Asks: 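Following this message is one structure expressed as structure tokens.
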Amino acid sequence: MNVMDWIQMEAKWRRRWDEMRQFESNPDGRKKFFVTVAYPYPNSPQHIGHGRTYTLADVHARFMRMRGYNVLFPMGFHYTGTPILGMARRVQENDKGIIDAFRTIYKVPDKAIREFAEPVKIADYFHREIKSGMIEMGYSIDWRREFTTIDPFYNKFIEWQFRKLREGGLVVQGTHPVGWCPKDQNPVSQHDTLGDVEPSFTEYVVIKFRLGDRILPTATLRPETIFGVTNIWINPAVTYEVVRVDGEEWIVSPQCATKLAFLNKKVERTGKITGLELVGKTVHIPQRHGEIPILPADFVSSDNGTGVVMSVPAHAPFDYQALEDLKKDGISYPGLPPLSEVRPIPIIETAGYGEIPARDVIARLGIENQRSPKLEEATKELYSKEFYGGRLKQNTDRFAGRSVAEAKEEVKKWILDSGDADILYELNENPVRCRCGTECVVKLLDNQWFLDYSNPQWKKNVHSWINEMKILPEEIRNEFDHVVDWLKERACARQHGLGTNLPWDKNWIIESLSDSVIYMAYYTISKFANSGDITASSITDSFFDYIFLEKGDAQTVSSESKIPPEILDLMKKEFQYYYPVNARHSGRDLVPNHLTFFIFNHVAIFPKKYWPEGIVVNGSVLMDGKKMSKSMGNIIPLRDAIRSHGADPIRLAILISAELLQDADFNQEAVHGIRTKLESMMEESSRFKSEKVGSLEQEDRWIVSRLQQLIDRVTNSIQKMRLREALHHLLYEFDSDIQWYLRRSEAKGRHDHAGVLREVLSTRVSMLSPFAPYVSEEMWSRLGNPGLASQSAWPLPDTVKIDHLSIQSEALLRSALDDIRNIVKVTKISPKNITIYTAASWKAKAYQKILSRVLEGDINIGGMIKALIADRETEEIKKDPDFVKKMVNDILSEPEQERKSKASIGPVDETKILCELASLASAEYEVGIQIFSESDKDKYDPKNKARTARPYKPAILIE
RNA sequence: GCGGGAGUUGCCAAGCCUGGUCAAAGGCGCAGGGCUUAGGACCCUGUCUUUUAGGAGUUCGUGGGUUCAAAUCCCACCUCCCGCACCA
């Protein structure tokens, strides 16, 4: 079957589903199940990786639908955010890079690209693209409820959400640092910078050393090392500026003066002073009340921090080395104190390092002077080791004995509170340039709005709800709790981007991770907006209060919102029917943010009965074992993949390669293998047309029994969302059962087994339907079933159909056959005669007695022998007491289930069962098979083998 | 450091939750055979050691423990990978 046929086959069934509108869900008398997935951000086509979460959710939805639930699986599109804006701006500027990317990687037609100067056009284009892909993948989505986050009605909804949060005191205001272009007067994100640099920054603590009336500020990442400061470093070659900062007179590098201006400080340049002039003077250390000298060092850069550095030679490799260099150089500066007096002050104790850790690292790395590039590495190593493993020594005031990690924040707060410190932000990559060419800075934004995720009561409620939620896989629950603990205030609005304006301050736009946390509720009413029942402009908060919180009365709300009361009532009922969300599916990268916010916001806004019931988290998708990324060029757009493989093979390839939390590895071979497998299953389906099922023979009862076990296993696996496991059972493990069944019935020369097989295969196809919906429909119909596989009821295991006798019989046949094959292999003889001896009946009785004892937990062999000898039926045991031990071992080496199964059927007539061997073995060996019981008087037994026969382990003679 | 995940027979990778049918699925590689003008593709057989009777021995990161029985449960240790934010 070629790909075109596949695609047409899939299209055929898609049309059928469409005609039947079977994925459109409306409230009815059934129990509901509400599945949602994080909606996509349409700034590029979706690739295989995106497909994973959606496919998992779709399988979940289809499974629950077949289980009889009224399943709602909707989809929306998240237009909110800044990246699309950046892309649009680049198109406006005719940026070749992005236009080429659209053209060659995303295959966007030129005509469309020309419109991309307008951000919404980009979103609309990829929205359509992604939606088509979802439809082609066979996702069972109710598209009547689709929306985007810039729809006016949605904006109203988000405004309502934010007013609710604010009423609850959960929205607070504060300052917030951002990357900023001074020319554009705008925050910059990655997409706004030359070379797509993320404008990330680090917070430094500025410690103010006093030089007479002036202040010499130093920026540090390690405020706790203030206790180990021995001197100040200054670059003698730099001309510093004297600046009035909020009433104080600071000496800083010119670059620093510029930076300070963006950090909410009044900055006024009043003079200049060279580094050289400062060398040799002394400054006062805050908190420690001592005087230390200013020394020269050329590693000090005016670009970094304040251009002034506090020196902690015991713990900072740069400082240690600069001090050594200075001692070696012997260059004299006027007023310089004797350098021998400047000694490192160790303040941190860390396992694996001596008294002066900086010296140790420098020696180990063979660093010779302060221009050595290895100093960076040394600094990094020591910083991290001391941060995580270091402890402050006795000379650190009240912080003595604390770990560095703990003390860092406390020392920072301590100095800040005393007024001897300040905060400075420094871009990590210097310089970062805006697309306009201007060098970016860090700006402290005033009046930034935050969601106060640090609110203790809120946290407490979320914790207790997480405890009650159904979270899959279970391992991830801890992670949620942990995230809730460390979450603090989060900026929830920004100054540009698509989205909803903050209702009480229209200069701000609500940020994307904050306007996407309760939208699942919106799906229950978006249908009405889409069908024209609602005019967004007349919607007020009272409308949402009425629908979601049962506040107010229909008449008032109706007159305000201009929505007829009966429609209002329908909407409210719809919400109350579908809410809460039963399963929220998402990638694991969203655990620390979106998924946790999702719980937080539901807890804050809705009554408890509407809090989300479950979350399902999945890992990502690798491409041939490697992470997918644009730069690696190994991203496969989903629609391309569908065109070259068909949707079902892709669905299965993604699902089968890993369990939930693991990373799934997608590769061509896997998809190819699966397609071959599905094709052979389809062919198989055509072979077994419906046929009347006569009376069941043993192997029929066996395959039907196995089918019941399969149903049980697959159902259990899916309920735990262990879809890989379910598919393994369904696709591969059950195959060997079918092979055996065919072999058996063919060996017997049967022609009436198609009917049984058709029923078995139909049940299997039914179970395959959530995973591979298209081929399942095809197979379902080829097998001659009416209706659709996707509308068949999920099979229930019928324990009555489990026939232990046939299970054990078939197992006996198989193991006897294996034994024969084994013997032939080891002895390398070509068999002419095969003789089988089954155990004497007293052995079978003894076996059952031993079995029941073992099942009771008694494995005392001596006791068993006594009891068996005492019994007339089994007294023959005394001839071979060792036999008991062998049987106990046989029994013990089997799982509990098998033991019970054997006990339930009692002694079996092995001779009768093994008769079937003749037909089975003849295909392989062309020899006659004779079967005797050990107790037959006139048996053929030249080698005296018969006596070794045990129950379920016949003796075999091959000649 | 905190949180999470992993270490299986030449490689990739199942099995572990729920102990026994586990010398341990499947794929790749390798060896032999078939098919073929040849190659490729495909099919069959083998692939820890040992064994001319279905067996025995030694294996699942390391070391202990529990158990009649441990890849699987418990404890300790070693190694590797991922996340730690205001970004969708």
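Proteins come first, then strands; the chains are lettered A, B, ... in the order of their sequence lines, and each starts at number 1. This one's a predicted model, so the numbers in the text were calculated from it and none came from an experiment.
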Asks: A:Leu590 side chain: which of B:rA85, B:rA14, B:rA88 is closest?
Replies: B:rA88
Asks: Paired with B:rC30: which nucleotide, if any, by Watson-Crick or G-U wobble criteria at under 3.5 Å for both distances?
Replies: B:rG46
Asks: Rounded to the Å, how far apart are A:Asp481 CG and B:rG4 P?
Replies: 10 Å
Asks: According to a strict under-4.0 Å criterion, is A:Arg814 in side-chain N/O contact with OP1 or OP2 of B:rU21?
Replies: no
Asks: Distance under 6.0 Å and angle within 45° of the ring axis: does A:Arg494 meet both against A:Trp508?
Replies: no
Asks: B:rG5 and B:rC16: how far apart are their C1' atoms, nearest whole angstrom?
Replies: 15 Å
Asks: Identify the nucleotide, in any strand shown, that forms a Watson-Crick or G-U wobble pair with B:rU67, with both distances under 3.5 Å; if there is none, say none.
Replies: none
Asks: With a 3.5 Å cut-off and just heavy-atom distances, do the side chain of A:Lys900 and the base of B:rU21 make a donor-acceptor pair?
Replies: no
Asks: May I ask you to say what A:Glu898 touches in the nucleic acid, namely base, sugar-phosphate or nothing, with a heavy-atom cut-off under 4.0 Å?
Replies: nothing
Asks: Measure the distance from CZ on A:Phe480 to P on B:rG4 and round it to the nearest whole Å.
Replies: 13 Å
Asks: Considering Watson-Crick and G-U wobble pairs with both distances under 3.5 Å, what does B:rA25 pair with?
Replies: none
Asks: Which residue lies toward the 5' end of RNA chain B, A:Glu479 or A:Lys945, if each is placed at its nearest nucleotide?
Replies: A:Glu479
Asks: Return the nearest nucleotide to the side chain of A:Arg494; candidates are B:rG54, B:rA14, B:rA88.
Replies: B:rA88
Asks: How would you label the contact of A:Gln897 with the nucleic acid (heavy atoms, under 4.0 Å): base, sugar-phosphate, or nothing?
Replies: nothing
Asks: For A:Arg722, which contact category applies under a 4.0 Å heavy-atom criterion: base, sugar-phosphate, or nothing?
Replies: base
Asks: Distance check, P atoms only: B:rC84 and B:rG29, in whole angstrom units.
Replies: 38 Å
Asks: Nearest whole Å is fine: how far is B:rA88 P from A:Leu85 CG?
Replies: 11 Å
Asks: Under the ring-ring contact (aromatic ring centres under 6.0 Å, His included) test, which residues partner A:Phe450, sequence neighbours left out?
Replies: A:His176
Asks: Suppose you measure atom P in B:rU58 against the same atom in B:rG3; what distance do you get, rounded to whole Å?
Replies: 40 Å
Asks: Go ahead and name the base partner of B:rC77; Watson-Crick or wobble counts if both distances stay under 3.5 Å, otherwise write none.
Replies: B:rG61
Asks: Looking for any heavy atom pair under 4.0 Å, which part of the strands does A:Arg899 touch: base, sugar-phosphate only, or nothing?
Replies: base
Asks: Rounding to a whole Å, what distance do you find between A:Glu511:CD and B:rC86:P?
Replies: 11 Å
Asks: Can you tell me how far P in B:rU49 sits from the matching atom in B:rC35, rounded to whole Å?
Replies: 30 Å
Asks: Please name the nucleotide paired to B:rC84 by Watson-Crick or G-U wobble geometry with both distances under 3.5 Å, or report none.
Replies: B:rG1
Asks: By nearest atom, which of the nucleotides B:rU18, B:rC87, B:rA25 is closest to the A:His728 side chain?
Replies: B:rA25
Asks: For B:rG10 versus B:rA24, give the span between their P atoms, rounded off to a whole number of Å.
Replies: 16 Å
Asks: Will you find, in the side chains of A:His804 and A:Ser901, an N or O donor that is under 3.5 Å from an N or O acceptor?
Replies: yes
Asks: Distance between the P atoms of B:rU9 and B:rC87, in whole angstroms?
Replies: 44 Å
Asks: Out of B:rA53, B:rG55, B:rA88, which nucleotide sits closest to the side chain of A:Lys953?
Replies: B:rG55
Asks: Provide, to the nearest angstrom, the distance between the NZ atom belonging to A:Lys902 and the P atom belonging to B:rU21.
Replies: 12 Å
Asks: Could you state the atom-to-atom distance from CG of A:Asp890 to C1' of B:rG20 in whole Å?
Replies: 12 Å
Asks: What's the closest nucleotide to the side chain of A:His482 if the choices are B:rA53, B:rA85, B:rC2?
Replies: B:rC2
Asks: Looking only at side-chain atoms of A:Lys488, point me to the closest of B:rC68, B:rG54, B:rA85.
Replies: B:rA85
Asks: Need one value for A:Ile958: base, sugar-phosphate or nothing, where a base atom within 4.0 Å counts as base even if backbone is also close, heavy atoms only.
Replies: base
Asks: Within the structure shown, what part of the strands sits under 4.0 Å from A:Gln808 by heavy-atom distance: base, sugar-phosphate, or nothing?
Replies: nothing
Asks: Just to confirm, is there a sub-4.0 Å distance from OP1 or OP2 of B:rA88 to any side-chain nitrogen or oxygen of A:Thr82?
Replies: yes
Asks: When both hydrogen-bonding distances must be under 3.5 Å and the geometry is Watson-Crick or G-U wobble, what is B:rA41 paired with, if anything?
Replies: none
Asks: Taking the side chain as everything from C-beta on, heavy atoms only, tell me whether A:Pro954 gets closer than 4.5 Å to A:Tyr837.
Replies: no
Asks: Pick one: which of A:His728, A:Glu725, A:Arg722 meets side-chain hydrogen bond (donor to acceptor under 3.5 Å, both in side chains) with A:Ser717?
Replies: A:Glu725
Asks: Can you see whether A:Tyr453 has A:Lys459 sitting over its ring - NZ or CZ less than 6.0 Å from the centre and within 45° of the normal?
Replies: no
Asks: Which value, in whole Å, describes the distance between the C1' atoms of nucleotides B:rU21 and B:rA69?
Replies: 14 Å
Asks: Looking at A:Asn593 and B:rA88, is any side-chain donor or acceptor paired with a base atom of the opposite kind under 3.5 Å?
Replies: yes
Asks: Let me know the distance between CD of A:Glu725 and P of B:rU18, rounded to the nearest Å.
Replies: 13 Å
Asks: Determine the contact category for A:Pro954: base if any of its heavy atoms lies under 4.0 Å from a base atom, sugar-phosphate if only primed atoms, P, OP1 or OP2 are that close, otherwise nothing.
Replies: base
Asks: Classify the angle between the aromatic ring planes of A:Tyr41 and A:His78 as parallel (below 30°), tilted (30 to 60°) or perpendicular (above 60°).
Replies: perpendicular
Asks: Sticking with atom P, work out how far B:rG57 lies from B:rU67, rounded to a whole angstrom.
Replies: 23 Å
Asks: For A:Arg713 and B:rU18, what is the distance between atoms CZ and C1' respectively, to the nearest whole Å?
Replies: 13 Å
Asks: Nearest to the A:Leu892 side chain among B:rU18, B:rC86, B:rG20, which nucleotide is it?
Replies: B:rG20
Asks: Taking the six-membered ring of A:Phe598, is the NZ or CZ of A:Arg584 close enough (under 6.0 Å from the centre) and on axis enough (within 45°)?
Replies: yes
Asks: Relative to each other, are the rings of A:Tyr519 and A:His594 parallel, tilted or perpendicular (30° and 60° limits)?
Replies: tilted
Asks: Quick check: on RNA chain B, is the nucleotide nearest A:Arg724 upstream (toward 5') of the one nearest A:Gly81, or the reverse? Name the residue that is more 5'.
Replies: A:Arg724
Asks: OP1 or OP2 of B:rC68 less than 4.0 angstrom from a side-chain nitrogen or oxygen of A:Arg853, does that happen here?
Replies: no
Asks: Name the closest nucleotide to the A:Arg588 side chain, picking from B:rG4, B:rA85, B:rA88.
Replies: B:rG4
